[in-house]
Structure formats: structure tokens, C-alpha cells
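As a basis for the values below, the full set of heavy atoms in this structure was taken, side chains included, without hydrogen atoms, waters or symmetry mates. Each chain gets a letter, A, B and so on, in the order its sequence line appears, and its residues count up from 1.
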Protein chains: 2
Amino acid sequence: MSRLSSDFLPDPVPDPLPIGAAARASGVKVPTIRFYEEIGLMPALPRTEGNRRLYSATHLQRLAFIRHARELGFDIEAIRTLLTLQDRPEQSCAASDEIASARLIEVRSRIAALRALEAELQRMVDGCAHGHVAQCRVIETLSDHGQCQFHNGQGENLGIGRNSSDLPSFSGTMTQRF
Amino acid sequence: MSRLSSDFLPDPVPDPLPIGAAARASGVKVPTIRFYEEIGLMPALPRTEGNRRLYSATHLQRLAFIRHARELGFDIEAIRTLLTLQDRPEQSCAASDEIASARLIEVRSRIAALRALEAELQRMVDGCAHGHVAQCRVIETLSDHGQCQFHNGQGENLGIGRNSSDLPSFSGTMTQRF
DNA sequence: CTTGCTCCTCTAGCGACCAGAGCATCTAGG
DNA sequence: CCTAGATGCTCTGGTCGCTAGAGGAGCAAG
């Protein structure tokens, strides 16, 4: 017998899927699924005799959960917490509420920062006379080491970290930034 | 003579700085300055006899330019282009205009995406009854594999790449995300 | 001469994956 | 039964823009 569910007993689980089908079903790419297993977001999976992973409906739900959470910009650690909370439905949801609220605050300050960015970029582009570089507002603005909207001090702390990517991929073919 | 500018001749350059002082003056951190040299954003610098880098006013301007461009979210390749444009003031500024406009478009679609995010997070948090996890709107929303605002298909292409960090660091002590 | 600071190079790591090599396994058709 | 092609496996290394730390050398003041 080469399948997990016996051939004579009625299937207890409605057909576990191999990783490729699980990827198509969940919208999470194959290497990413394996990555989630590696870092422990997904459990160690049951395998076929040929060592291939099998994904049950429960696993697919978990993948969809992770995917949705990633789309909302939660980082892996937050998702780890949210998943353990999900597994214990009798607990208080204060923790998950806090995680979501924190993310909301993050997103809002990020929007505010981006709006300031937008304004300065707009000014740069509007001011460009489409002549040559010597009078270009874009280059001039960048060269100007006077103040601008955001880095009014010497860049002390805008509350902006280096690795903050707001919205993750799931975009498949896009590799270039944004 | 241990300094580049002679002691009897009048200084042709108003005192080049060592890297630490250059970092303080430009707001770019020491390892980051070295990194910029390594990747060719900064030129190979003149050194003292003791092999220490020396930064002239021109170098400091270049660092400030890079810093400001990074604050506006331009990536290294864009900055490389902008710098070569700056070095040739007689050229057309069409290229720099295009780079800035592209960035502006990026920022705007990013803001739009974040606003959708904000809305869904808000709904999640508002819906949380602060009871236990079983009825928690946060967990429920994440678990729900039906549609939400953004991933209405199966996450084909939101125009959102994986490595898109909008606003870089210069924040010094912050290492955690955002 | 020593202390303590700055500087040097080099290597490794972050987050959240993606790409590809080299091999094994499965499945459909002949 | 055999084979071709799709799919799976593990492992290594790359992405971006830095940051951290080791281990050593230079340098200015006391």
C-alpha cells in the first residue's frame, strides 16, 4: 500500500494533497511552504512512503491563515503567536487583539511617513523644468543638505526600521522591487 | 608628515575628516559609509599614511546626497544613476525626472495598499469583543479563507514585491522592524 | 609607555523568501 | 513492463541594505 489512507478502510481524511497542489490551493508557493515548515510555522508533515509531504484540509487552512496574516503584514513571530492562540480557543483574545492593534498603529505611521515622502517627491517632480541637470529640481533637492520635511534633525529616529516591508509577496512572477 | 595637506603650504582643502567625523557630519553611519564605498557609490577614498580614509567636503556632500535619496526610498541602483547624472550637469534631466516620477508612483500605490490594509485591520480590531479566542474577530478573519479586500483572487499580482522597503533606516538604535 | 579611543579588514547575520543543482519518485501512455 | 516528463526531495547560495562583532593596528593625551 502506497498511500497513507488504506484502500479498504473508508478514507478518514478527504485526500491529502502533495505540495504542488497544496500550493495551488492555498496560494502559497512551494518553496515558501517548505520554508514555513522549516521555521516551524507549519508542523512536520506526514509523508508518503516515497518521502513526499501530504497536506490535509487542516494544513491547507493553516496555510491560508498564514498567507492572510502575511498579506496583512504581520511578521513571522506575530503569526506564530496568532497560530498558537488559534489552537487554544478558550483563551482570552487580548493577545491577538494587541498584535492586530500594534500592526494597525504601524500601518498608520507608515502611511503618514509615506505621505510626507509623496509630498516631497511631488515637489521635486513638479519643480523639474525638463531642462538639463544643472537646473534640475530633482538633483538639486537631493544635493541640498538643508532641511526637508522628514530629516529635520540629523535623522535621529523616524520610527522607521530597515527591514520593514509592509506588504509581502504572493505575487509570483514579480521579482524586482515593488 | 602624517597628514595629506602639508603643514607649511596653505590648505587647499579645508581639512578632510576621518570616517567617524564624516559619519557625524553626514548622518550616515560608519559601517554604512564603508559599505557605500564597497559597492561603488562612494569613490575609493584618499588615505592617510596609516591607511585611514579621509573625507573632503565634496565627499560629505556626496554622502548627504545619498542619504537624502535613501530617505526618499530610492534604491541603490537609482542613486547610482542619480549620482552620475549629478556629475554631468549639462545633460538632460529627463532621466532623473523619470526616476523620481517612478518612485512617486511606487509611493502612491504603496499608500493605497496600506490604506486597504488599515481598513481591514481596523475592522478586525473593532470587531474584537475582547472575549476569548473562539469568538475573536481577529483570529476569525485570518482563518476565513473567503475573500477580503485585497486578495480577492488567489493573490495573483498586487504589484507588491517582496523586497520593497519604503523607508530606510538612519535610525541608529532601532533594529527591530519598523 | 600606557591607556583608551578610533580605525582597519573580514566574516557572518537579519527577514522572508527565491533560484537552481542534482537526484529520487510518481504517473500516464505505449 | 518500460519510459518520458512532471513533480518531488535536499542542499547551497543569492536577494537588499545594511548591522554586528572579532581581531588587530594606529593615534593622541597623560
Side-chain angles (χ1 to χ4, degrees), chain A residues 2-3 16-24 28-42 44-45 47-55 66-67 69-71 73-80 155 160-178, chain B residues 2-3 16-24 28-42 44-45 47-55 66-67 69-71 73-80 155 160-178:
Chain A
S2 63
R3 318 211 286 134
L17 303 172
I19 198 167
R24 283 186 294 275
V28 183
K29 282 187 269 178
V30 170
T32 305
I33 295 179
R34 284 198 276 248
F35 170 72
Y36 288 157
E37 182 183 344
E38 192 185 314
I39 63 171
L41 271 198
M42 292 297 289
L45 286 141
R47 306 266 186 139
T48 67
E49 288 182 13
N51 199 33
R52 296 174 171 219
R53 293 166 178 88
L54 288 176
Y55 294 83
I66 296 170
R67 183 193 161 197
R70 287 293 300 130
E71 282 173 342
F74 293 104
D75 64 20
I76 299 289
E77 280 320 298
I79 296 174
R80 209 185 289 280
I160 294 152
R162 151 178 66 92
N163 277 325
S164 49
S165 118
D166 282 306
L167 288 161
S169 175
F170 297 113
S171 51
T173 51
M174 296 203 66
T175 311
Q176 74 278 29
R177 101 194 192 97
F178 208 50
Chain B
S2 65
R3 319 212 286 134
L17 304 172
I19 199 166
R24 282 186 293 276
V28 183
K29 283 187 268 178
V30 170
T32 305
I33 296 179
R34 285 198 276 247
F35 171 72
Y36 288 158
E37 182 184 344
E38 191 185 314
I39 63 172
L41 272 197
M42 291 297 289
L45 286 141
R47 306 267 186 139
T48 67
E49 287 182 13
N51 198 34
R52 294 172 174 222
R53 294 168 178 86
L54 288 176
Y55 294 83
I66 296 170
R67 182 192 161 198
R70 286 293 299 130
E71 282 172 342
F74 293 104
D75 64 20
I76 299 289
E77 279 320 297
I79 296 175
R80 210 185 288 280
I160 294 154
R162 152 178 66 92
N163 277 324
S164 49
S165 119
D166 281 307
L167 288 163
S169 174
F170 295 113
S171 51
T173 51
M174 295 203 67
T175 311
Q176 74 278 30
R177 98 194 195 99
F178 207 48

> Let me know the distance between CD1 of Ile33(A) and P of dA19(C), rounded to the nearest Å.
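Going from Ile33(A) (CD1) to dA19(C) (P), I get 15 Å.
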> To the nearest Å, how far apart are Tyr55(B) OH and dC8(C) C1'?
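Distance check: Tyr55(B) OH to dC8(C) C1' gives 11 Å.
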> Could you tell me how far apart Asn51(B) (CG) and dC10(C) (C1') are, to the nearest whole angstrom?
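Rounding to the nearest Å, CG of Asn51(B) and C1' of dC10(C) are 14 Å apart.
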> State whether Lys29(A) places a side-chain N or O below 4.0 Å from either non-bridging phosphate oxygen (OP1 or OP2) of dC17(C).
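For Lys29(A), the contact criterion (side-chain N or O under 4.0 Å from OP1 or OP2 of dC17(C)) is not met.
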> At under 4.0 Å between heavy atoms, what does Arg34(A) touch on the DNA or RNA strands: base, sugar-phosphate, or nothing?
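Result for Arg34(A) = base.
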> Within this structure, what is the CD-to-P distance between Glu49(B) and dC7(C), rounded to whole angstrom?
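The distance from CD of Glu49(B) to P of dC7(C) comes to 18 Å, rounded to the nearest Å.
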> For dC18(C) and Thr32(A) - does any side-chain N or O of the residue sit under 4.0 Å from the phosphate oxygens OP1/OP2?
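For dC18(C), OP1 or OP2 has a side-chain N or O of Thr32(A) closer than 4.0 Å.
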> Apply salt bridge (Lys or Arg N to Asp or Glu O under 4.0 Å) to Arg53(B) and list each qualifying residue two or more places apart in sequence or on a separate chain.
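Checked Arg53(B) against salt bridge (Lys or Arg N to Asp or Glu O under 4.0 Å); matches are Glu37(B).
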> Of the candidate nucleotides dC7(C), dT10(D), dC18(D), which contains the atom at the shortest distance from the side chain of Arg53(A)?
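Selected nucleotide (nearest to the side chain): dT10(D).
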> For Ile76(B) and for Arg52(B), find the nucleotide of DNA chain D with the closest heavy atom, then tell me which residue's nucleotide is more 5'.
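Looking at DNA chain D, the more 5' nearest nucleotide goes with Ile76(B).
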> Any ion pair linking Arg34(B) and Glu38(B) (charged N to carboxylate O, less than 4.0 Å)?
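Salt bridge flag = no for Arg34(B) with Glu38(B).
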> What integer distance in Å separates Glu37(A):CD from dG8(D):P?
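Spelled out: CD on Glu37(A) to P on dG8(D) is 14 Å.
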> Let's go through Thr32(B) and Arg67(B) carefully: what are the C-alpha distance in whole Å and the side-chain angles of both, what is the deciding distance for side-chain contact (heavy atoms from CB on, under 4.5 Å) to 0.1 Å, and is it a yes or a no?
CA-CA 10 Å; Thr32(B) 305; Arg67(B) 182 192 161 198; over 6 Å; no
> What nucleotide, of dT10(D), dT9(C), dA16(C), holds the atom closest to the side chain of Asp75(A)?
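For the Asp75(A) side chain, the nearest candidate turns out to be dA16(C).
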> Report yes if the side chains of Ile39(B) and Ile76(B) come closer than 4.5 Å at any heavy-atom pair, otherwise no.
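When only atoms from C-beta onward are counted, Ile76(B) and Ile39(B) do touch, with a gap below 4.5 Å.
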> Between dC18(D) atom P and Arg67(B) atom CZ, what is the distance in whole Å?
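These atoms are roughly 12 Å apart.
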> Please evaluate residues Leu41(B) and Phe35(B) with respect to the criterion side-chain contact (heavy atoms from CB on, under 4.5 Å), reporting the C-alpha separation (whole Å), side-chain torsions for both, the decisive distance (0.1 Å), and the verdict.
CA-CA 9 Å; Leu41(B) 272 197; Phe35(B) 171 72; over 6 Å; no
> Under 4.0 Å between a side-chain N/O of Tyr36(B) and OP1 or OP2 of dC18(D), yes or no?
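So the side-chain polar atoms of Tyr36(B) do come within 4.0 Å of the phosphate oxygens OP1 or OP2 of dC18(D), strictly under.
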> Starting at atom CG of Leu17(A), determine the distance to atom C1' of dT7(D), rounded to an integer number of angstrom.
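Atom-to-atom, Leu17(A) to dT7(D), this comes out as 14 Å.
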> Nearest nucleotide by nearest heavy atom, which residue falls closer to the 5' end of DNA chain C, Phe35(A) or Gly50(A)?
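Final value for this comparison: Phe35(A).
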> How many Å lie between CD1 on Ile19(A) and P on dT7(D), as a whole number?
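Taking atom P of dT7(D) as the reference, CD1 of Ile19(A) is at 13 Å.
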> Between Glu38(B) and Val30(B), name the one whose nearest nucleotide on DNA chain C is closer to the 5' end.
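Whichever sits nearer the 5' end wins; that is Val30(B).
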> Return no unless some side-chain N or O of Arg47(B) is found under 4.0 Å from OP1 or OP2 of dT9(C).
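Checking dT9(C) against Arg47(B), a side-chain N or O does come within under 4.0 Å of OP1 or OP2.
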